[in-house]
Amino acid sequence: MNEEKLRFIDEYRNKELLLKLIKKIKREIDNPIKIMEVCGTHTISISKFGIRKLLKGKVDLTSGPGCPVCVTPNEDIDWIIELCRKFKEKICLTVFGDIMRVPGSNSSLFIEKAKGADIRVVYSPIEAIEIAKKRKDLKIVFFGIGFETTAPSIAISLIEAKKNKMENFYLYSAHKLIPPALDALLSLGEIKLNGFILPGHVSTIIGSNPYKPILKKHGLAGVITGFEPLDIIQALLILNELIKNKIYDVKIQYSRSVKPEGNEKAKKIMNNVFKECNSIWRGLGEIPNSGLELREEYNDMNAKLHFDINIPPKYENPACKCGEVLRGIIYPFECPLFAKACTPNSPIGPCMVSSEGACAAWYTYEDWRKYKEMIKNE
């Protein structure tokens, strides 16, 4: 496939070319390989376009910790819920929509909103800034979740708020960084992989260079790819070539968006506002330097410093296996709650809540009953 000649979405979904590349993969892969996709958007594409089914027996695709809502731990959600309860009449919480139904230890933002908390879904942090400008009688708190993809735009909102000397805008930062999480995941030694499909959005910001030492350390290959079927299939072909030749490096398939050095301007904005910190990930625990916290210059906007909040010890449903799903050591349908107590209409764990969650993708698009039977008979 010559990527430079493809410009429109339909071309990236060309059925004839897709089947041709599928045949090529099947022909060239002698021994089955196990690949983890790190981004939730890749998870959706793989399931939605039937890629896992088409490559069954040759490529085993498993999901990793790449859904921002899914990896946000109960501790952060509990803190935000307690904020809404304690300062109910004084604050307005602004959030991205996916986090609303994710359960904390004893409630969710959806439930708290139903009880009267002022919680508003926004599509960008700039919307939160606009609310803060209009409602100076309220303290506006933005619940910042996500990876390197969203951090630059949130950093811009903080710069905008400081420039306008706003005194009623605060950020609760729960941002996370992908490369340290991959290193931590592999260091656990729970899962044997041959390589990674690396995230296109995150890599557009950070580039390919941060992955190199991690892949070399763990003896793995990685390809940064786009989100269309032909992107993913081509990435798997490149991966197979790297694996066969024992090349422990990262290649960029998604060259229409990603450069090795990333987006220098976005990184500079992000680094001017945030600094690295230790962070707790659902399923992975605390990982050094895997989160983003506001720099001291922005202490007056740091919700964690401004609001005095105490939360009780966290509680997680012991039957929910989202942690194991996020570490790639079980498939979603191996969770005892999957498709029984936990469905997209009545989710228990975040991997079923989020539109990019692995459990939601399997439930919606995959023939999981067949996979379940296949594993049972192995």
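No experiment lies behind these values; they were computed from the predicted model shown.
The cationic atom of Lys56 (NZ for Lys, CZ for Arg) lies less than 6.0 Å from the six-membered ring centre of Tyr371 and within 45° of the ring axis.
Expressed to the nearest 0.5 Å, how far CG of Asp183 lies from NZ of Lys217 amounts to 3.5 Å. Atom CG of residue Leu239 and atom CD1 of residue Ile232 lie 11.5 Å apart, to the nearest 0.5 angstrom.
There is a path of hydrophobic side-chain contacts, each under 4.5 Å, that joins Ile247 to Val59. Under the 4.5 Å side-chain contact rule for hydrophobic residues, Ile205 and Phe274 share a cluster. The hydrophobic clustering, which links ILVMFWY residues whose side-chain heavy atoms are closer than 4.5 Å, places Leu188 and Val38 together. Criterion: ILVMFWY side-chain heavy atoms under 4.5 Å apart, direct or through other members. Under it, Ile111 and Ile91 are not part of a common hydrophobic cluster. Taking hydrophobic clusters as Ile, Leu, Val, Met, Phe, Trp and Tyr residues chained together by side-chain heavy-atom distances below 4.5 Å, Val95 shares a cluster with Leu158.
Taking the centre of each ring, Phe147 and His201 stay at or above the 6.0 Å mark. Here Phe338 and Trp362 keep their ring centres 6.0 angstrom or further from each other. Between Phe307 and Tyr170, the distance separating the two ring centers is shorter than 6.0 angstrom.
Between Ala151 and Met270, the shortest heavy-atom contact is CB-SD, 3.5 Å. A pairwise comparison of heavy atoms in Ile280 and Lys176 identifies O-NZ, 2.8 Å as the closest pair. Here the closest non-hydrogen pair linking Ala303 and Val141 is CB-CG1, 4.1 Å. Nearest heavy atoms, Ala339 versus Met352: N-CE, 4.5 Å. Counting all heavy atoms, side chain and backbone alike, Lys113 lies closest to Ile119 at NZ-O, 2.7 Å. Between Ser63 and Arg52, the closest heavy-atom pair is OG-NH2, 4.4 Å.
Side chains of Ser45 and Glu228: a donor-acceptor N/O pair is absent below 3.5 angstrom, by distance only. A donor atom on one side chain and an acceptor atom on the other are found under 3.5 Å apart for Asp98 and Ser355.
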Using residues 77-90 as the side-chain source, report each donor-acceptor pair under 3.5 Å to any protein atom, sequence neighbours left out, with the distance given to one decimal.
from: Asp78; atom 1: OD1; to: Ser105; atom 2: N; distance (Å): 2.8
from: Asp78; atom 1: OD2; to: Ser105; atom 2: OG; distance (Å): 2.6
from: Arg85; atom 1: NE; to: Glu112; atom 2: OE1; distance (Å): 3.3
from: Arg85; atom 1: NE; to: Glu112; atom 2: OE2; distance (Å): 3.3
from: Arg85; atom 1: NH2; to: Glu112; atom 2: OE2; distance (Å): 3.1
from: Lys86; atom 1: NZ; to: Asp308; atom 2: O; distance (Å): 2.7
from: Lys88; atom 1: NZ; to: Lys115; atom 2: O; distance (Å): 2.9

What donor-acceptor contacts under 3.5 angstrom involve side-chain atoms of residues 27-36, with partners at least two apart or in another chain?
from: Lys34; atom 1: NZ; to: Asp60; atom 2: OD2; distance (Å): 2.9

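Counting only heavy atoms from C-beta outward, the side chains of Lys321 and Glu334 never approach each other to under 4.5 Å.
Electrostatic pairing of Asp249 and Lys216 does not count as a salt bridge here, judged by no charged N lying under 4.0 Å from a carboxylate O.
Checked against ring pair (Phe, Tyr, Trp, His ring centres under 6.0 Å), Phe49 has no partners two or more places apart in sequence or in another chain.
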Note to self: Evaluate Asn74 against Arg282 for side-chain hydrogen bond (donor to acceptor under 3.5 Å, both in side chains), listing each step before the verdict.
What the structure shows: CA-CA 8 Å; Asn74 273 22; Arg282 189 185 297 273; 3.0 Å; yes
Check: Please walk me through it: do Ser173 and Glu293 pass side-chain hydrogen bond (donor to acceptor under 3.5 Å, both in side chains)?
Finding: CA-CA 6 Å; Ser173 177; Glu293 189 54 275; 4.7 Å; no
Check: Under the side-chain hydrogen bond (donor to acceptor under 3.5 Å, both in side chains) criterion, do Gln253 and Asp231 qualify, and how do the steps go?
Finding: CA-CA 7 Å; Gln253 182 277 338; Asp231 285 325; 2.9 Å; yes
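Counting non-hydrogen atoms of other residues, nucleotides and ligands closer than 6.0 Å to CD of Glu264 gives a total above 12.
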